[in-house]
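What you see below is based on every heavy atom in this structure, not just the backbone, and it leaves out hydrogens, waters and symmetry mates. Just follow the structure's listing: the first ligand is 1, and inside any ligand the first atom is 1.
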Amino acid sequence: MYEGLIKRYKKYLDVDEKYIVSLNEGNTPLIRAKNLEKILDGVEIYLKYDGLNPTGSFKDRGMTMAVSKALEENKKAIICASTGNTSAAAAAYGARAKLKVIVIVPDEKIAKGKLAQAIAYGAKIIAIKGNFDDALESVKKISQESDIQMVNSLNKYRIEGQKTAAFELIDDLKELDYFMLPVGNAGNITAYHKGFKEYLKDDKLKKLPRLFGFQAKGASPIVENKVFKNPKTIATAINIGNPASWDKALNAIDESDGQIDAITDEEILNAYNLLAKEEGVFAEPASCISVAGLIKSYNEGKIKKNSKVVCLLTGNGLKDIDVCMNNMDFDIKNLDDDYALIKEEILKDL
Ligand code: AN7
């Protein structure tokens, strides 16, 4: 039986087994994107669908580690700032571990599904009139001034857990040329880089995949090399103006011969639409930036022919259905329950 990523990769993770808190996270599907391949000719494309983790995002990978370690270190409470997914994961794992959980989120800028999760799992929720970066400042302070454990990705155990996604990719694919991923606070790009390097050292990988990170244009501090005081994007998960792991992201990009680029909200929504309609994969907008980024890079001639590319889908589409309902073109036919009318409606489009 699969029992979560700490057990699977315990050789690479330093945890006392007694304290493991797990929802059997990890082991997410790698899906070949055959219809996207028809559009981007000459590239082998895979989707790593981390939105199928227990709370619907990749954050569960880091949270199983951070919460297990919090127990091992006898902490009684955990806290995080969040654009939504970290708070959902912290609330779930914290509940399971019987820890007090406090989450600080930007008021109104968090997707409803994520807020609902924090409510359901019973976290204490503080919504501030400010953005993620403001929330993180308070979290850093209180975790220094009290015994509350911070579980943002500045917590090194988060990175440790998240690096296992790189292991899974290599265990499945053996090698890849490019890895496309969203960048918000830049913890995840740091984690993948660490994971790939550890596999390289262990001879499980021959060369580092090139890391292509993407930020939303309205929240692209690393791309523009300046803090964004009022970041704004439809991809609320990555609406971050001052990434905590900025330097580490630059190092990961540099060492892997990668790049970082900005993607417009319109390009994000196009990819969101394409993924759902061409591949049957519903991912939240921030995730779709990896596919939007691949399309942009391909069109700019940055992707070599016959290469193998993985796009990371970090979060589930169900997290933020408002984006779908407010931005997709759709037409719901409202009819009386009259079979003749229903039949006519169906047959006229066939
Ligand atoms: C779906 O939940 O920062 O670059 O507070 O939810 O490691 O920050 C979320 C980030 C990508 C960016 N995709 O990862 C939070 C939070 C999704 C995300 C990212 C996030 P990092």
I'd like to know whether ligand 1 has Leu181 as a neighbour, heavy-atom separation below 4.0 Å. no
Nearest option to atom 16 (C) of ligand 1, as decided by whichever heavy atom of Thr83, Asp320, Ile104 sits closest: Thr83
Ser57 heavy atom under 4.0 Å from ligand 1: no
among protein heavy atoms, the one nearest atom 8 (O) of ligand 1 is Asn185 N, 2.7 Å
Going from NZ on Lys226 to CG on Asn242, what distance comes out if it is rounded to the nearest 0.5 angstrom? 13.0 Å
Nearest neighbour in protein (non-hydrogen) for atom 19 (C) of ligand 1: Ile238 CG2, 3.6 Å
Per-atom contacts, ligand 1 versus Ile240 - under 4.0 Å to a heavy atom: 3 (O)
Once rounded to the nearest 0.5 Å, what's the spacing between atom CD1 of Ile268 and atom CD1 of Ile234? 8.0 Å
In the structure I gave you, are the side-chain heavy atoms of Leu312 and Met180 within less than 4.5 Å of one another anywhere? no
Using a strict cut-off of 4.0 Å, indicate which atoms of ligand 1 neighbour a heavy atom of Gly187. 4 (O), 7 (O), 21 (P)
For Val105, run the side chain to side chain contact (heavy atoms under 4.5 Å, CB included) check against Thr86, Ile126, Ile125 and tell me which one passes. Ile125
More than 12 heavy atoms of other groups within 6.0 Å of Lys140 NZ: yes
Within ligand 1, which atoms have a heavy atom of Val183 less than 4.0 Å away? 4 (O)
Which residue and heavy atom of the protein sit nearest atom 13 (N) of ligand 1, plus the separation: Thr314 OG1, 2.7 Å
The reported gap from SG in Cys311 to CG in Leu294 (rounded to nearest 0.5 angstrom) is 4.5 Å
Heavy atoms only, cut-off 4.0 Å: how does Ala186 contact ligand 1, side chain, backbone, both, or neither? backbone
As a quick check of understanding, evaluate side chain to side chain contact (heavy atoms under 4.5 Å, CB included) for Met63 and Arg158, giving each step before the final call. CA-CA 6 Å; Met63 210 52 76; Arg158 281 274 315 277; 4.1 Å; yes
For Ser82, the atoms of ligand 1 under 4.0 Å from one of its heavy atoms are 2 (O), 5 (O), 15 (C)
Contact between Ser153 and ligand 1, counting heavy atoms under 4.0 Å? no
Hey, which atoms in ligand 1 end up nearer than 4.0 Å to a heavy atom of Phe132? 5 (O)
Taking only non-hydrogen atoms of Pro182 and a 4.0 Å limit, the atoms of ligand 1 in range are 11 (C), 13 (N)
Partner of Asp60 under side-chain hydrogen bond (donor to acceptor under 3.5 Å, both in side chains), picked from Asn53, Thr55, Asn85, is Thr55
Check the hydrophobic clustering (I, L, V, M, F, W, Y; side-chain heavy atoms under 4.5 Å; chains of links allowed) and say if Val291 and Ile238 are grouped together. yes
Considering only protein heavy atoms, which is closest to atom 6 (O) of ligand 1, and at what distance to one decimal place? Asn85 ND2, 2.7 Å
Test of ring centre spacing under 6.0 Å for Phe179 and Phe212: no
Which residue supplies the protein heavy atom nearest to atom 10 (C) of ligand 1, what is that atom called, and how far is it? Lys59 NZ, 3.2 Å
Looking only at non-hydrogen atoms, which of Asp50, Thr86, Asn188 approaches atom 2 (O) of ligand 1 most closely? Thr86
Against the six-membered ring of Phe196, is Lys194 placed for a cation-pi contact (under 6.0 Å from the centre, within 45° of the normal)? no
To which protein heavy atom is atom 18 (C) of ligand 1 closest, and what is the distance rounded to 0.1 Å? Ala237 CB, 3.5 Å
So, taking the atom named OH in Tyr298 and the one named OH in Tyr178, what distance separates them when rounded to the nearest 0.5 Å? 11.5 Å
Nearest-contact summary for atom 14 (O) of ligand 1 - protein heavy atom, Å: Phe58 CZ, 3.5 Å
